[in-house]
There are 2 protein chains.
Amino acid sequence: MCKDVAMPTPPSHVVAVLALEPVVGFDLTIPPTVFGAATRADGTKLYDVRICGLELGAPVRASAGFSLIPDYGPEALAEADTVIIPGTYIPQPRHEGSLPDDLAKALDTIRPGTRIASICTGAFVLAAAGLLDGRPATTHWQRAQMFRDLYPQVKLDEELLFIDDGDIVTSAGLAAGVDLCLHLIRRDFGSEVANRAARHCVVPPWRDGGQSQFIERVVPDEGSEGTAPTRAWALARLDEELSLPAMAEYARMSVRTFSRRFKAETGQSPGTWLLQQRVRHACHLLETTDLSVDRVAESAGLGTAASLRHHLRSELGVSPLAYRKTFRTG
Amino acid sequence: MCKDVAMPTPPSHVVAVLALEPVVGFDLTIPPTVFGAATRADGTKLYDVRICGLELGAPVRASAGFSLIPDYGPEALAEADTVIIPGTYIPQPRHEGSLPDDLAKALDTIRPGTRIASICTGAFVLAAAGLLDGRPATTHWQRAQMFRDLYPQVKLDEELLFIDDGDIVTSAGLAAGVDLCLHLIRRDFGSEVANRAARHCVVPPWRDGGQSQFIERVVPDEGSEGTAPTRAWALARLDEELSLPAMAEYARMSVRTFSRRFKAETGQSPGTWLLQQRVRHACHLLETTDLSVDRVAESAGLGTAASLRHHLRSELGVSPLAYRKTFRTG
DNA sequence: CAAACTACTGGCCAAAATGCCAACATGTGT
DNA sequence: ACACATGTTGGCATTTTGGCCAGTAGTTTG
């Protein structure tokens, strides 16, 4: 936002964002926002982002409840250093690999060596164009099965936020596009710039920090392997004691191994995870029941109300009653 | 995305998003995306999101590099249960409180009791309309000073992601709008629905979990109070030992107090923070220098290369050399 | 004015997390 | 078959973490 900054020398790196009807509005606005926030320390912009359509001046329907008129037409693709395909409703390839003529023609104008990225279901377009054959890719997890059915030759892994395969980069749904853009900025200009952009976009404590996981688990793993069963087991008895050794025993692992694997799988240590689940459960109870604060604390395994109060305070910044008051749904 | 689901009974809750030229495209698309993802377990949508402009059919310029034509005109405001003002370039109130005629008139049609929310610099509009007088609010941190100068009567706190003051809710920049929408969904329909929406939007491990901090620190605190100086001091000597007692001593606090305040200020325990900084610094070195992996590990205070390898692996999922290869900028 | 309440501090200690190591697997090239 | 890299496991020792408690202000209330 608010990037009407002076631009002494025009940014050299051109990013073209191709809006294909009906385009997912959110995906479309991610690249201009994030790349637009990439500046040198002195404020000079580093990217020139161009929204383009298949026909200059023609309106494109966006899923978000409006139509848009891109500033550029398909010619922008030929001048781009990076081309980004935001999500669009899934193009149904009647014959595999077939694309609408104008789209196919437009894609053909992309210079060899241009970096191509997709957000969300934009990967379907890349796949239909044959660009992903035999390569790793990702897309929105809710469309993963459909993708696999349509394009079995693509190595889809919907568990990752995005996949960087050099000149082709695909990202998972919606918000993962932000990570993708930040990743590209980091690749192009380093962490400093990417971090500044992230801060500008108020991607807060989140993956702001910088490196953040540039590969990260998205889909919840509900397997019957590893620590997953133990987690389910623990969730069912949050009100009990649940010491680390007890959980390790249930998992039939040594405490050491259990801790290690737990952290590898969830990204949190067992204790932290457990506490989070307890607080979460307490919140749930506050929302959906009339139990007293004491009772809630007890049922969530947080012992006393004081303890609940403390954790709620530190995690959400509110007292239990305030929380209930705010979220109590009629 | 992809929410062309059957809609048996139309959603009852109407959300109107007012696009004011030049609108921040990203902010604008957040509400339709997030609210649009709010469904019952059976898939029925819960909100009817309407993008509207001040004049039906008139194009509105978006900062992202396109113009858009909203589906609705200003009449949508009168029918809304919730009105959202996305960011827009800052309206300069020549006389305090003065708004363009058409905007003022449009805002007047909002029914009393309607919930009004702003994203990013949308708060300037609410403030200019006098809706925030004497009330707490937030906006994009980069515009906080300007906001304070213009509207000293508003209790601005730019440290929070969003502020829920009942019928008026304001949120910080850009991505914080996602949190705001999720918060409103949670208020309206509970955690389950909000969580499902978050998952759909691939707001991953982030604040997905649900409650997440519905108040959270955004702006980095670089003061000369509390543990901040100690953190700076620690950053300058990451290659040394830096035990917890040592840091506490530097901070002139007991270990206990130091830990407590550290966590309160940073949201992390000292150890976790330190490790993260070390890894971060190691990444920086990998990016910008040719030091051997061993040397990098040493300079970052991670001891051996094995240790570095391990942490990089667990945080970013890559080996040190792979990281360097990916991010080494010409 | 005293009791009650809150906020902050620091000490103590049990529990948890984690670095390090040695013991095995498993796989790989010679 | 053998040396060797790679990955996993569990034990051990150490540090870190955080619950609990008591002491000390500063503030409010009866």
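Only a predicted model underlies this, so the values are computations on that prediction, with no experimental measurement involved. In what follows, chains carry the letters A, B, and so on, assigned in the order in which the sequence lines appear, proteins first and then strands, with residues in each chain numbered from 1.
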Let me spell it out: for each of B:His310 and B:Arg252, pick the nucleotide of DNA chain C with the closest heavy atom. Which residue's pick is nearer the 5' end? B:Arg252
Check the distance between C:dG19's P and B:Leu302's CG and give it to me in whole angstrom. 9 Å
What is the nucleic acid contact for A:Ser269, judged by heavy atoms within less than 4.0 Å: base, sugar-phosphate only, or nothing? sugar-phosphate
For A:Ser307, report the nucleic acid contact type (base, sugar-phosphate, nothing); a contact means any heavy atom under 4.0 Å. nothing
Which word best sums up how the rings of A:Trp233 and A:Tyr250 line up, parallel for under 30°, tilted for 30 to 60°, or perpendicular for over 60°? parallel
Rounded distance in Å - CD (B:Glu265) to C1' (C:dC8): 13 Å
Nearest-Å distance, CG (A:Leu274) to C1' (D:dG18)? 14 Å
Classify the nucleic acid contact of B:Arg309 as base, sugar-phosphate or nothing, counting any heavy atom under 4.0 Å across all strands shown. nothing
Nucleotide nearest B:Arg256 when distance is taken to its side chain, options C:dG11, C:dT9, D:dT17: C:dG11
Rounded off to whole Å, could you give me the CD-to-C1' distance for the A:Gln268 and C:dT18 pair? 17 Å
Heavy atoms, side chains only, cut-off 4.5 Å: are A:Thr230 and A:Met253 in contact? no
If I take atom CH2 in residue A:Trp273 and atom C1' in nucleotide C:dA16, what distance separates them, rounded to the nearest angstrom? 16 Å
In a check of salt bridge (Lys or Arg N to Asp or Glu O under 4.0 Å) between B:Asp164 and each of B:Arg187, B:Arg186, B:Arg135, B:Arg115, which one passes? B:Arg187
B:Lys263 versus B:Thr227: any side-chain heavy-atom pair under 4.5 Å? no
Roughly how far, to the nearest 0.5 Å, is the CZ atom of A:Arg280 from the CG atom of A:Leu235? 9.5 Å
When you measure from the side-chain N and O atoms of B:His311 to the phosphate of C:dT18, is any distance below 4.0 Å, counting only OP1 and OP2? no
Phosphate contact (C:dG10 OP1 or OP2) by B:Ser254 side-chain N/O below 4.0 Å: yes
Want to settle it: does A:Pro270 or B:Phe258 sit nearer the 5' end of DNA chain C, counting the closest nucleotide to each? B:Phe258
Per atom distances to the A:Leu244 side chain, the nearest of D:dT16, C:dA17, C:dG11 is C:dA17
A:Leu302 and its side chain to side chain contact (heavy atoms under 4.5 Å, CB included) partner, picked from A:Asp239, A:Leu275, A:Leu238, A:Leu312: A:Leu275
Can you say whether a donor on the side chain of A:Arg260 sits under 3.5 Å from an acceptor on the base of C:dG19, or the other way round? no
Counting any heavy atom closer than 4.0 Å, what does A:Thr304 reach on the DNA or RNA strands: base, sugar-phosphate only, or nothing? nothing
Report the distance from atom CG of A:Leu275 to atom P of D:dG18, rounded to the nearest whole Å. 9 Å
Quickly work out the B:Met247 CE to D:dT16 P distance and round it to whole Å. 7 Å
Looking across every strand, which nucleic acid part, if any, lies under 4.0 Å from B:Ser259 by heavy atom: base, sugar-phosphate, or nothing? nothing
I need the CZ-P distance between A:Phe262 and C:dA15, as an integer number of Å. 19 Å
Side-chain atoms of A:Lys263 come closest, of D:dT9, C:dG10, C:dT18, to C:dT18
